[in-house]
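Hydrogens, waters and symmetry mates are skipped; everything else that's a heavy atom, side chains included, is used.
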Amino acid sequence: GHSITAFLAEDRRVVPKKTSNKDLWPLWVDFAKEKMDFLALTGAHVNFRGVIMFQGPSDGNSTYAPHYETHLRRLIEDGRAYFGKPNLNWLQVRSPYWAGGY
């Protein structure tokens, strides 16, 4: 898993990402944009209505916990700005524990 910090640009992080994490900004938004562009090119009507982000518990159980709200707010702001949708719905799901079967 990746800390929420990995999804933010480096200058948007209050604390650095975990050294074991790669930078996922802007990879996650680029991936979504690429898929939407592909659908539009194939003639599909794309109606991007929201983001659902599932995350494990590690940020809540670590030194990242005090910064989680700030990072989440910035992640939502940055995603909305990137997609040009200031009111983009965002559902953040945090598991109380993490294992492949849950």
[atom1]/[X] to [atom2]/[Y] distance, rounded to the nearest 0.5 angstrom?
X: Lys35; Y: Leu39; atom1: NZ; atom2: CG; value: 9.0 Å
X: Arg49; Y: Asn87; atom1: CZ; atom2: CG; value: 13.0 Å
X: Leu72; Y: Phe7; atom1: CG; atom2: CZ; value: 11.5 Å
X: Thr70; Y: Leu75; atom1: OG1; atom2: CG; value: 12.5 Å
X: Asp23; Y: Lys17; atom1: CG; atom2: NZ; value: 5.0 Å

* More than 12 heavy atoms of other residues, nucleotides or ligands under 6.0 Å from CG of Leu91: is that the case? -> yes
Using every non-hydrogen atom in the two residues, find where [X] and [Y] come nearest and quote the distance to one decimal.
X: Gln55; Y: His2; answer: NE2-O, 3.4 Å
X: Ala32; Y: Phe83; answer: CB-CZ, 3.8 Å
X: Lys18; Y: Ser3; answer: CE-CB, 3.9 Å
X: Arg13; Y: Thr5; answer: NE-O, 2.8 Å
X: Val51; Y: Leu88; answer: CG2-CD2, 3.7 Å
X: Ile52; Y: Val93; answer: CG2-CG2, 4.4 Å

* Hey, could you give me each pair passing salt bridge (Lys or Arg N to Asp or Glu O under 4.0 Å) that has a residue in residues 78-93? Not counting sequence neighbours. => Arg12-Asp78
* Regarding Tyr68 and Gln92, is there a side-chain donor-to-acceptor distance under 3.5 Å anywhere? -> yes
* Asked: Stepwise, does the salt bridge (charged side-chain N to carboxylate O under 4.0 Å, His left out) test hold for Arg73 with Glu69?
  -> CA-CA 6 Å; Arg73 287 182 184 278; Glu69 182 179 355; 2.9 Å; yes
Consider only side-chain heavy atoms of I, L, V, M, F, W and Y, link residues closer than 4.5 Å, and tell whether [X] and [Y] are in one cluster.
X: Leu27; Y: Met36; answer: yes
X: Tyr82; Y: Val46; answer: yes
X: Phe38; Y: Phe31; answer: no

* To do: Not counting sequence neighbours, list each pair that qualifies as a side chain to side chain donor-acceptor pair (under 3.5 Å) and has a residue in residues 38-47.
  => none
